Amino acid sequence: MAVLVDNEPGVLARVIGLFSGRGYNIESLTVTEVDPDQNLSRITIITSGTPMILEQIKAQLGRLVPVHQVSDLTRLGPYVERELALVKVVGTGEKRVEALRIADIFKAEVVDAGLDHFVFEMHHRSEKVDAFIDLMKPLGMVDVSRTGVVAIARGSKGL
Amino acid sequence: MLKKTAETAEERDAEEQMMGAEIVIRALIEQGVDVVFGYPGGAVLPIYDALFRQNALRHILVRHEQAAVHAAEGYARSTGKVGVVLVTSGPGATNAVTGLTDALMDSIPVVCLTGQVPTHLIGNDAFQEADTTGITRPCTKHNYLVKRMEDLPRIMHEAFYVAQSGRPGPVVVDLPKDILQGKGSYLAKEQTQRLSYRPQTRGDRGRIEEAAALLAGAKRPVVYAGGGVINAGPEASRRLREFVRMTGMPCTNTLMGLGAYPASDPQFLGMLGMHGTYEANLAMYNCDVMLNVGARFDDRVTGRLDEFSPNSKKIHIDIDPSSINKNVLVDVPIVGDAGEVLGDLLDIWRAKSYAPEQKAMAAWWAQIEDWRGRDCLRFEQTGSEIKPQHAIKRLYELTRDRDVYFTTEVGQHQMWAAQYIGFEEPNRWMTSGGLGTMGYGLPAALGVQVAYPDALVIDVAGEASILMNIQEMSTLAQYRLPVKVFIVNNQWMGMVRQWQELLHGGRYAESYTASLPDFVKLAESFGAVGLRAEHPDELDEKIVQMIETPAPVIFDCCVAQEENCFPMIPSGAAHYEMLLGPNDKVEKPISEEGMVLV
C-alpha cells in the first residue's frame, strides 16, 4: 500500500493509530518525505487481510484528512520492492572468510570493517534479505537493522 | 518612503495586527456561528476576554465539558449548522472526549476549541496539560495543534470546512495560550484553502442507472434510510419521500434516520433493527432488492450477518467510501451525498419511465400488511401502574400538534421513544445512536432549546441516565431554557436488567439504583418545576401541565418496573428470530458467539 500524505506533525500517528485502533496488521512500514516542494511524504505499508479488509484499509486511509492518495500496488499490476539491511557480523578465522564469501555472492557491500567484524550493506527483495540474514546468523551475526520495504509500480506511469 | 495604503478590506486585515484570541472570535463570526457552548479555564482566558468584549457571539456556560459537546450536538442536529464548543486545557479537553466520540459515531459536525499550555511548556507536564491532539486523534474526524501564529486563521476555517463536508464529524483545534495571547493578522475564509480533502458528493452516473434498473425490476423492494439522509439536509428527505411515494415501495428508517420519512405515511414500516418493528425486519429479511440510503449496516440493524437479508441485491448510497462493504458486501455501491444521488435517481427513474411491476408489488404489500397485522408494538395498559410504553405514547399524542423536538438518553426509554413517537420531519429527533451515551439527552435538549427558544423541547430520559448530566439543570435555570425532562422512572437500568433477565439467568448484578433522589425536590432545588405521575389516571393531566409550564420541568413518571422492550432480536440472532413479547421464548439458547456481542 503506497500512501501520499501531507508531511505534517501527527500524520504518522494517525496512520498507525488507524491500524491499531481497527485491528489491522502492519508487517512493515516506511516513511519519508518525497516531495519537499509540495510537502508530501510517502508511506509504504505491508499489510495483510481478506479482500474486504484490504478494501476497508484503503477506504479508511483515504478518509484521513492529510492523505492525498492511497494505492494498493499489488492490485495495480507489477511492481518493484526493495529493502535495505545493515548486518553486523563478528568473528575471526574461517567464519569471517565464509561471511565475506557469502556477502560477495549476495552482492552485499562492506561498509565498515575491523579485525574482528564486518558491517554489510545488503539491499534486495525482502525474501533475499531474509536469506542473507539467515546465512549470517551462524557466522557471528550480532546486530541487524532493516529499513522495511519501499515499492513502486513498474512501467511508465506515476502514482 | 511612504507606506502604500491598503486598497481592499483583505489587505487592511493583513496589515492589522490583532490578538490570537480575537482572530479565533473573528473566524467564528465569519463562519456564521452565533452561539458557543463552553466552560472557562486558565488556558482559554484570552478567548473569554475577547468574548467579553464583543456582542456578536453568545456564550452558554454549561456545568461540565461533556455537556458542552452534547449541547453543541443537539444544536447542530436540530439546525444543520456546525455546533461550537470552547473548553480549557487538560481536564476541560479530557471531559469533552465522550462528547467528541459521540459526535464522531453519529456524524455530527462539531468544532471544539480546546485551550493548551503555552507552546514552550508543551511536553513538560505543565499544570492542566494534556496531550489533547494525541487523546482526541481517534475520536475526532480531524484535529489540529496550532503551533504558529500564521497558521491560526487558516486552521480555524479549515476546521469548519472539515467538520461539515463529506461525512460530518467533530474537529478539535488545540490552542496554546501564547498563540491566543500573541499578535497576528486575520485571513478571511476565501484567502485560505485546503487542498487534499475533497470528498466526492456526486454519485457515479452509471452506478445510479444500474441501481435504478435493479429497483425497477424488483418484486419485493425495500428502502432503508439512515442518518445520512438527515445530514444531507431537508432537501434529501424531500427527495426520499418523492422517490418512495412515486415507486410505491415500503420504507424503513434507522434510529438515526427517524424523521427522514414521515411516520404517519402508510408506506412507512417503522424503525428496523434490534428493537425495530416486525414488519420492517421481515421486509429486510425477505426483500429481493434493498436500497440503503445513508445508513451503515450497523450491527444493531443487521443482527447476525450471515443471515442478514440473504436473498437480496443491495444498493448502498453513502458519502463515506469506508462505510461501503465494511459489514455487508453490496452489489451496487454509490459514493455520494444522499440528496444528490437521490436527485439523480429521481431523474433517471422519470427519464426511463420506470414503474414497478404492479402485481408483484401488490403481493409484496399484502405480505407486509400481514406482518403489520401482528401489531408488534401492542401493549396493554391495565391496572394501577403506568406502563412505560403508555407514558411515551401519551407524551407523543399530547404533543404531536406542537412545534416539538425530542432528545433521549440511552436505554429502554430511548427505544420506546423511537418506537412510539412518530416523526414527520427530519431534525426533530436527537439521540445517541452509535456510541450510546447515557447523559446525552439533557445537554442535547439544552442545545436544541438555545437554537429554538420558543419550541417545545423534551428529553425523554431514564432515571439512571439523567443522573449522568443532571448538573445541566443549573444551566437551564441560568438561561431560562424551558426544557422538559420526562423521566421514565422504573428504578432500574432497564436495558441492563432486560439483558440480565434474558441472557444471564435473571441475576441482576448492580442494575438496581437504590437511593434515587426525589426528582420533584431536585427540580425545585434547581429552580425548575417538579411534577410526578404515579397512576395512569393522572398521566394526561400532568403531561399537559408540563407542556404548559413556561419553565424547565422535571417530570418523574413512575412506571411499571419490570417491563421489557419488545420486539427484540437477541444478540447473535437473525431478523426472523425476533421476540415479540414476554410470552415469546428464545427458541434456541443464545449461542456463545451471541453472548459475546453487546
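What's counted below: heavy atoms across the whole structure, side chains too, no hydrogens, waters or symmetry copies. As the structure is a prediction and not an experimental result, all values here were calculated from the model.
- Other residues, nucleotides and ligands place more than 12 heavy atoms under 6.0 Å from the CG atom of B:N124.
- Per-residue counts of heavy-atom pairs under 4.5 Å with chain B were compared for A:K58, A:Q69, A:Q60; the largest is that of A:Q60.
- Ring geometry, A:F19 versus A:Y24: the interplanar angle exceeds 60°, so the pair is classed perpendicular (tilted spans 30 to 60°).
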TODO: Using the salt bridge (charged side-chain N to carboxylate O under 4.0 Å, His left out) rule, take A:R14 and A:D6 through it: C-alpha gap first, then chi angles, then the decisive distance, then the call.
DONE: CA-CA 12 Å; A:R14 281 181 213 285; A:D6 285 322; over 6 Å; no
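- Partners of A:R96 by side-chain hydrogen bond (donor to acceptor under 3.5 Å, both in side chains), not counting sequence neighbours: none found.
- Under 3.5 Å, the side chains of B:R296 and B:S323 contain no donor-acceptor pair of N or O atoms.
- Contact of B:L145 with chain A is not made at all, since no heavy-atom distance falls under 4.5 Å.
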TODO: Before giving the answer on side-chain contact (heavy atoms from CB on, under 4.5 Å), spell out for B:F160 and B:Q164 the whole-Å C-alpha distance, their side-chain angles and the decisive distance to 0.1 Å.
DONE: CA-CA 6 Å; B:F160 278 84; B:Q164 61 195 319; 3.9 Å; yes
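- Within residues 27-56 of chain A, the residues that have a heavy atom under 4.5 Å from a heavy atom of chain B are A:M52, A:E55, A:Q56, listed by number.
- For chain B, the option among A:G21, A:G17, A:P9, A:A13 with the highest count of heavy-atom pairs below 4.5 Å is A:A13.
- Enclosure of atom NZ in B:K313 is not indicated, since only 12 or fewer non-hydrogen atoms of other residues, nucleotides or ligands lie within 6.0 angstrom.
- Both the backbone and the side chain of B:N143 come within contact range of chain A, judged by heavy atoms closer than 4.5 Å.
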Task: Evaluation steps, salt bridge (charged side-chain N to carboxylate O under 4.0 Å, His left out), between A:D104 and A:R101 - done: CA-CA 5 Å; A:D104 192 41; A:R101 199 178 297 144; over 6 Å; no
